[in-house]
Amino acid sequence: NARFALMVHLARETKEGFALRSRYYIGYKIRLNLFGLKIKIPEKLKSTILKIENVNLKTAYFQAVHDQVEFTRLASILKGLYTDFCESKN
């Protein structure tokens, strides 16, 4: 099992609420998980690991699909969270 991507969500305030951006770092700090041990991969082996894991445009596509599913689900609960935690404070 290899971890080969890092995803970060960045939010900033806007007058409409907030804007959310996602950034992907593919090939950043590649680690192998072997029997619970996290083994850092030397720089020289990174390209080999990425080829084995078949990291390509399909990987980027699936990351984007993951985000869309995540944000769609998040959108379905945000109004309720705001009502429960923010409106009562105003």
Partners passing side chain to side chain donor-acceptor pair (under 3.5 Å) against Q63 (at least two apart in sequence or in another chain) = none
Supply the atom-to-atom distance L74 CG to H9 NE2, rounded to the nearest 0.5 angstrom.
-> 9.0 Å
Output all residues satisfying side-chain contact (heavy atoms from CB on, under 4.5 Å) with T14, sequence neighbours left out; order by chain, then residue number.
-> R12, E16, A19
Test side-chain contact (heavy atoms from CB on, under 4.5 Å) applied to F18 - qualifying residues, sequence neighbours left out | A11, L20
With A75, which residues qualify under side-chain contact (heavy atoms from CB on, under 4.5 Å), at least two apart?
-> none
Taken in chain and number order and not counting sequence neighbours, the residues that satisfy side chain to side chain donor-acceptor pair (under 3.5 Å) with H66 are E70
Cluster check L78, F85: I/L/V/M/F/W/Y, side chain < 4.5 angstrom = yes
Sequence-distant partners of Y24, ring pair (Phe, Tyr, Trp, His ring centres under 6.0 Å), two or more places apart = none
